[in-house]
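First the structure, in the form of structure tokens, and then the observations on it.
Residue numbers begin at 1 in each chain, while the letters A, B, ... track the order of the sequences.
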Amino acid sequence: MALSTKPLSGMRQRFPEQFRVEKFVTDMLSGSSVSAGFQEYDGPVIEPLALFAAKSGGELVGRQSYSFTDRGEREVILRPEMTPSLARMIASSGELQLPVRWFSMPLCYRYERPQRGRVREFLQFNLDILGSSSLASELEVILVLNGIMKSFKAPSSIYRIGWSSRRFMTEALLRCGVKQELHSGVFSAIDKKDKMKEEAWSDYLLQSCGGDKKVAGTVVSLVSVESPSDTWLVDLMAESPALREVQEFDMLLEKTGISSAVFSPGVVRGLDYYTGIVFELMDTGRENRRSLCGGGRYDNLVGLFGAGRISGVGFGLGVLTLTLFLESYGLVPDSVRQAAPADVYIAIASSSVIATAGLLAESLRNSGIRVMMDVSGKKLGKQFSEASRNRITQVITVGVEQAETGIYKMKYLPDGKVTAGSVEELIRILK
RNA sequence: GUGGGAGUAGUUCAGUUGGCAGAGCCCCUGAUUGUGGUUCAGGUGGUCGCCGGUUCGAGCCCGGUCUCCCACCCCA
């Protein structure tokens, strides 16, 4: 029985062309992070189950996790996300100078049924600031997020950063007359607003509000608010510090010119540990309906480890979902997909000069030129085909005569022009 | 976990009422034995996902099963 040629369902296996695209995306993410003074970190792929059981959310751990008992009878899990590990790292290093600004590109795992934009093993870019409760942190991470989108040349018309606040919404729901115990149901109803037909949604919301029509009506008004200075909202939230925070943040976004950021009371986010401002990045088109990125403020995560209370704010961004987004808008340059693996191909006319070719390759490589030497041993014509197939533009042919004289012929494939010269001369031309 | 679609050459797919297993691209050889692309001539490549049933005969019909894709749930 032959082994299967397929990897396990949802596990990634990337061939060079796909890898180049992914690398293009991750390099860009790292670049934007570094340019804002963030430093890279990483944590373990396997974690104790309890780390996520506490705060990540029931479904994520219960139904969508790769968890098992290891040989030491420990309940462990392949990390479904990064933030709890980050919180532990912060909690365990007493010497850290706060605030810290860190980013990571972890592989994460979720046992879900694969489909477009969702697999079981995925890269999730994470960027966080810990140890500052100032709204400047929220602003900073959203500036980086917006900068990321700009670095990919995504026009602000094709994406939207919707934001809200858990603290604000909790208080607003209370003032709307929604009892505390109904909040999580109402939140998930709010979350589904754009996915359901209007009437069906109204019924669903009414149900989640305990059947109280007046309350449900108020919640509808709340969700349709488009600005934190909306007069109806200001009236509802009179004297509320949570509203003041939301207004202040709205002003910060406006003054920094992040036009793609929109106050959206309907943004709730799934993870249980968010406490303050929450936000997500959505494609405004129809092709990628999942959010590309979700984040927010978490006040109580580091405290779980018995360290002092350290507040954090950050986001996770799916590299795969972002890549699909970029591809569907044609934002992955052809030069990335069609990149040549080398600048020069060394064709070998006779097996007696392999060593000479090897030395030539080394000299060129030492000058920073990317050189691929023939290893096929096929006839010269095939070697040229190989170079051409690889989009390599320069081919140097090494034969007996060249090995003796040290003068090589180099052909530039796009126009077929041949030049001859010593190693030094060729290097000068190539640079 | 729920629902829909699809499995035929390396790949993308066609395959009529059940009657010899096909095409484009890729790959290989030659034209061109020290020079690629374009062109021309030729060629390799198949457990028709798997198991069973019906039939003189199954890629096609029936039953089962596996896998992949898509949507829902949830989420990056």
Side-chain angles (χ1 to χ4, degrees), chain A residues 1-2 4-12 15 25-26 29 56-65 79-83 104-127 145 188 191-192 195-196 268-272 280-283 286-295 314-325 345-353 374 376 378-403 408-418 420:
Chain A
M1 180 74 179
S4 170
T5 56
K6 290 176 199 155
L8 284 175
S9 176
M11 294 296 154
R12 27 181 252 157
F15 288 83
V25 174
T26 54
L29 292 170
S56 290
E59 180 129 353
L60 188 60
V61 176
R63 214 159 65 86
Q64 301 178 336
S65 70
R79 63 183 174 205
E81 54 146 342
M82 192 63 179
T83 312
S104 190
M105 201 76 70
L107 263 180
C108 298
Y109 298 82
R110 291 184 193 175
Y111 196 88
E112 299 181 283
R113 191 167 299 187
Q115 56 189 269
R116 177 178 165 83
R118 191 177 71 184
V119 289
R120 291 179 172 178
E121 179 183 50
F122 58 98
L123 274 179
Q124 190 198 54
F125 170 74
N126 275 254
L127 182 130
L145 178 59
S188 64
D191 195 42
K192 287 185 180 52
K195 291 183 181 174
M196 297 175 70
V268 176
R269 300 312 308 159
L271 296 168
D272 287 348
E280 65 186 14
L281 177 68
M282 297 288 290
D283 181 350
R286 270 169 301 161
E287 256 178 281
N288 310 287
R289 289 178 50 210
R290 245 173 294 281
S291 66
L292 307 180
C293 162
F315 62 84
L317 189 159
V319 172
L320 175 61
T321 49
L322 176 61
T323 303
L324 287 173
F325 169 83
Y345 193 96
I346 295 184
I348 301 175
S350 157
S351 60
S352 64
V353 297
D374 180 75
S376 72
K378 291 180 183 167
K379 13 193 244 188
L380 215 50
K382 301 300 165 197
Q383 297 185 38
F384 272 74
S385 290
E386 184 67 12
S388 183
R389 209 188 349 254
N390 281 292
R391 301 173 196 281
I392 298 169
T393 53
Q394 301 275 14
V395 180
I396 298 174
T397 303
V398 179
V400 176
E401 187 193 327
Q402 288 77 30
Y408 300 94
K409 278 190 255 179
M410 181 165 74
K411 183 170 182 177
Y412 182 63
L413 297 188
D415 62 12
K417 220 167 140 185
V418 179

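- In this structure, A/T26 and A/F125 have side chains that are not in contact, with every pair of non-hydrogen atoms separated by 4.5 Å or more.
- Considering only residues two or more places apart in sequence or on other chains, A/R118 meets the salt bridge (charged side-chain N to carboxylate O under 4.0 Å, His left out) condition with A/E112.
- Using P as the reference atom, B/C25 and B/G42 are 14 Å apart when rounded to the nearest Å.
- Partners of A/K379 under the side-chain contact (heavy atoms from CB on, under 4.5 Å) rule, at least two apart in sequence or in another chain, are A/K382.
- The ring-ring contact (aromatic ring centres under 6.0 Å, His included) search around A/F325 returns A/Y329, not counting sequence neighbours.
- The ring-ring contact (aromatic ring centres under 6.0 Å, His included) check on A/Y111 picks up A/Y66, with sequence neighbours excluded.
- Scanning for salt bridge (charged side-chain N to carboxylate O under 4.0 Å, His left out) contacts around A/R110 gives an empty result, with sequence neighbours left out.
- Rounded to the nearest Å, the gap between the C1' atom of B/C60 and that of B/G3 is 27 Å.
- Considering only heavy atoms from C-beta on, A/N126 comes within 4.5 Å of A/P106 through its side chain.
- Distance check on atom P: B/A58 versus B/G19 gives 11 Å, rounded to whole Å.
- Across the P atoms, B/U16 and B/G22 are found 14 Å apart, a figure rounded to whole Å.
- Among residues two or more places apart in sequence or in another chain, the side-chain contact (heavy atoms from CB on, under 4.5 Å) test is passed with A/T321 by A/L292.
- Atom name P, nucleotides B/U2 and B/C74: the rounded distance is 16 Å, in whole Å.
- A/S188 meets the side-chain contact (heavy atoms from CB on, under 4.5 Å) test with A/K192, A/Y204; sequence neighbours excluded.
- Base-pairing analysis of RNA chain B finds the following stems of at least three consecutive Watson-Crick or G-U pairs, with both pairing distances under 3.5 Å: B:1-7 with B:66-72, B:10-13 with B:22-25, B:27-31 with B:39-43, B:49-53 with B:61-65.
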Heavy-atom contacts, protein to nucleotides 71-76 of chain B, under 4.0 Å, summarised as B (base), S (sugar-phosphate only) or - (none) per nt, yield BBBBBB

Each nucleotide of nucleotides 25-35 of chain B classed B (base within 4.0 Å of a protein heavy atom), S (only sugar-phosphate) or -, in 5' to 3' order, makes --SSSS---BB

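- Comparing the P positions of B/U29 and B/G36 gives a spacing of 14 Å, expressed to the nearest Å.
- With sequence neighbours excluded, the residues forming a side-chain contact (heavy atoms from CB on, under 4.5 Å) with A/R12 are A/R14, A/E22, A/L107, A/E121, A/L123, listed by chain and number.
- Spacing between B/G49 and B/U44 at atom C1', rounded to whole Å, works out to 24 Å.
- In this structure, A/I346 atom CD1 and B/G36 atom C1' are separated by 17 Å, rounded to whole Å.
- B/A6 and B/C61 have their P atoms separated by 11 Å, with the value rounded to a whole Å.
- Residues forming a salt bridge (charged side-chain N to carboxylate O under 4.0 Å, His left out) with A/R269 (at least two apart in sequence, or on another chain): A/E280.
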